[in-house]
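Okay, structure first, notes after.
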Amino acid sequence: MAHYYTLGKIPHKRHTQFRKPDGSLYSEQLFSTEGFSDDYSLLYHCHPPTQIIKTEPQVDVSPRIAEEKMLQHRSFEGFNIKPAADFLHSRIPVLVNNDCHIVLAAPQQSMRDYFYKNTDADELIFIHEGSGIVHTQYGELPFGYGDYIILPRGTIYQISFTDENNRLFIVESFTPLRFPKRYMSRFGQLMEHAPYCERDIRPPQDLQTFDEKGDFMIRAKKKGMLYRLHYGTHPFDVVGWDGCCYPYIFSIHDFEPITGRIHQPPPVHQTFETNAFVVCSFVPRLFDYHPLAIPAPYNHSNIDSDEVIYYVDGDFMSRKHVTRGMITLHPAGIPHGPHPGAVEKSIGARETKELAVMVDTFRPLMLTQQARDIENDNYVMSWAE
């Protein structure tokens, strides 16, 4: 996870008396992972963060599975997902399994009347189009094009968008999202060979404390159900916090590509990992510089993973008819590679301007009904052109 950080006012020692100017106690909250055995943060509230005053009936928002088993390359037009005013209503799951949900969203309005909390999953929100601010208990996270917003599960947040033109690629992860272990020292620092460092991580800023009582609704998702919980105090009543478990932003534009004399394998693009899948960033970079190098990727078989690529911007010399927001799914069990003619065409090319996000899952993905609605027919036959 991210390195130690602190913001606002905190006491000298944890779990000790921390009093307000009027002499009453602030309320301490431990936000911990893996019980009490891994990363955590301590937050100090004006009021206990436990005061539920009303609940409403839950709503089932589980993905509607259209195909559970398949062995076929697929392609989807992500920008064919229609915009929706509300942030939660705009979130459309397209590829899912028990480890992650891959979701597209095109929200038009900011979250004004409620706060949101995903209690099951860490969230990775990639900003393809749009800008704004994520408001959290930890402070504010300004975002824009190319940002990965990382929100640990249980984070309460509210998003303000600059305007209605927003396109998001979201991964909900049911195991913790972390920096790749091979990038980390045994003491937790990002090492010299890593493609980014702590300077590139943007933690929350401008902590604002809302010491308010009233009726504040938090929409919380758990096990595919969306609950409406009404609290008697504002969830952003934190005066200070510290620790290593908090939301942050990393820009895909700050990922430094690793290149070589011959074609490098996809792990050099790895950006995040979990126990169940990895996330990679394909960014503008120089091509291989061996005199006989073939820049196009070689044909390969995903022996034990499904490969999903979300195309953001730029030219993709290995594939035909790529559009912005397009998603390809290459499942385990079938080899795939460059489209016909792409290998010869790539020879002599000096660089690529491509920008894409890849998710490789270690267990098979299933298609939702919404994915079928935006599918490119006959993509599996595109290698026979």
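No experiment lies behind these values; they were computed from the predicted model shown.
Residues passing the side chain to side chain donor-acceptor pair (under 3.5 Å) test with Gln270, sequence neighbours excluded: Arg182, Glu273. Residues satisfying the side chain to side chain contact (heavy atoms under 4.5 Å, CB included) test with Glu192, not counting sequence neighbours, are none. With sequence neighbours excluded, the residues forming a side chain to side chain contact (heavy atoms under 4.5 Å, CB included) with Gln109 are Ala85, Arg112, listed by chain and number. Applying the ring pair (Phe, Tyr, Trp, His ring centres under 6.0 Å) rule to His47 yields no partners; only residues at least two apart in sequence or on another chain are considered. Every residue two or more places apart in sequence or in another chain that forms a salt bridge (charged side-chain N to carboxylate O under 4.0 Å, His left out) with Arg228 is listed here: Glu56. When the side chain to side chain contact (heavy atoms under 4.5 Å, CB included) test is applied to Thr323, the partners found at least two apart in sequence or on another chain are Glu77, Met326. Legend: residues meeting side chain to side chain contact (heavy atoms under 4.5 Å, CB included) with Ser301, ordered by chain and number and at least two apart, are Ile303, Pro335. Residues meeting the ring pair (Phe, Tyr, Trp, His ring centres under 6.0 Å) test with His89, sequence neighbours left out: none.
Geometrically, Arg219 does not engage Tyr116 in a cation-pi contact defined by less than 6.0 Å to the ring centre and at most 45° from the axis. Phe79 carries Arg167 over the face of its six-membered ring, with the cationic atom under 6.0 Å from the centre and within 45° of the normal.
Note: the hydrophobic cluster containing Leu177 does not contain Val134 (ILVMFWY, side chain heavy atoms under 4.5 Å, direct or indirect links). Note: the hydrophobic cluster containing Ile127 does not contain Tyr248 (ILVMFWY, side chain heavy atoms under 4.5 Å, direct or indirect links). In the hydrophobic clustering of ILVMFWY residues, with side-chain heavy atoms under 4.5 Å counting as a link, Leu151 and Leu124 come out apart.
Ring planes of His263 and Tyr298: perpendicular class, angle over 60° (limits at 30 and 60°). Note: Trp383 and His330 have perpendicular aromatic rings, judged against thresholds of 30 and 60 degrees for the angle between ring planes. Classification of the Phe179-Tyr196 ring pair by plane angle, with boundaries at 30° and 60°, yields perpendicular. In this structure, Phe143 and Phe161 have perpendicular ring planes: the angle between them is above 60°, well past the 30° mark. Tyr246 and Tyr5 have tilted rings, their planes meeting at an angle from 30° to 60° on a 0 to 90° scale.
Between Lys353 and Glu351, at least one side-chain N (NZ, or NE/NH1/NH2) sits under 4.0 Å from a carboxylate O, which counts as a salt bridge. Between Glu123 and Lys117, no side-chain nitrogen of the basic residue sits less than 4.0 Å from a carboxylate oxygen of the acidic one, so the salt-bridge criterion is not met. Salt-bridge check for Arg261 with Asp288: failed, with every basic side-chain N at 4.0 Å or more from each acidic carboxylate O. A salt bridge does not link Asp306 to Arg363: none of the charged side-chain nitrogens sits closer than 4.0 Å to a carboxylate oxygen. Ion pairing of Asp242 with Lys9 is absent here, as no side-chain N (NZ or NE/NH1/NH2) approaches a carboxylate O to less than 4.0 Å. A salt bridge does not link Lys221 with Asp120: every distance from a Lys NZ or Arg NE/NH1/NH2 to an Asp or Glu carboxylate oxygen is 4.0 Å or more.
Hydrophobic side-chain contacts under 4.5 Å tie Leu71 into a cluster, directly or through other members, with Ile334. Hydrophobic side-chain contacts under 4.5 Å tie Phe174 to no other Ile, Leu, Val, Met, Phe, Trp or Tyr residue. Grouped with Tyr227 in one hydrophobic cluster are Ile52, Phe115, Ile156, Phe210, Phe216, Ile218, Met225, Leu229, Tyr231, Phe236, the linkage being side-chain heavy-atom contacts under 4.5 Å among Ile, Leu, Val, Met, Phe, Trp and Tyr residues.
Listed here is the closest heavy atom pair of Cys245 and Pro152: SG-CB, 4.1 Å. Nearest heavy-atom pair, Ile294 versus Ser346, reported as atom, atom and distance to 0.1 Å: CG2-OG, 4.0 Å. Counting all heavy atoms, side chain and backbone alike, Leu104 lies closest to Ile374 at CD1-CD1, 4.2 Å. Scanning all heavy atoms of the two residues, the minimum distance from Leu141 to Pro247 falls at CD1-CB, 3.7 Å. Scanning all heavy atoms of the two residues, the minimum distance from Phe31 to Thr155 falls at CZ-N, 3.8 Å. Here the shortest heavy-atom pairing between Pro295 and Ala349 reads CG-O, 4.1 Å.
Looking only at distances, no side-chain donor or acceptor of Thr368 sits under 3.5 Å from a matching main-chain atom of Leu95. Although no hydrogens or angles enter the test, the distance criterion places a donor-acceptor pair under 3.5 Å between the side chain of Asn118 and the main chain of Ala121.
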Go through the steps to decide whether Gln208 and Glu140 satisfy the test side-chain hydrogen bond (donor to acceptor under 3.5 Å, both in side chains), and finish with yes or no.
CA-CA 8 Å; Gln208 298 185 43; Glu140 297 183 344; 2.8 Å; yes
Check the pair Arg285, Glu354 against salt bridge (charged side-chain N to carboxylate O under 4.0 Å, His left out), reporting the backbone distance first and the verdict last.
CA-CA 8 Å; Arg285 62 194 182 277; Glu354 69 185 15; 2.9 Å; yes
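Dense packing is recorded around CD of Glu67, with more than 12 heavy atoms of other residues, nucleotides or ligands lying under 6.0 Å away.
Within the 6.0 Å centre-distance limit, the rings of Phe272 and Tyr148 are counted as a close aromatic pair. Taking the six-membered ring for Trp and the full ring otherwise, the centers of Tyr138 and Trp241 sit less than 6.0 Å from each other.
The ring-ring contact (aromatic ring centres under 6.0 Å, His included) analysis of residues 340-375, with sequence neighbours excluded, yields no pairs.
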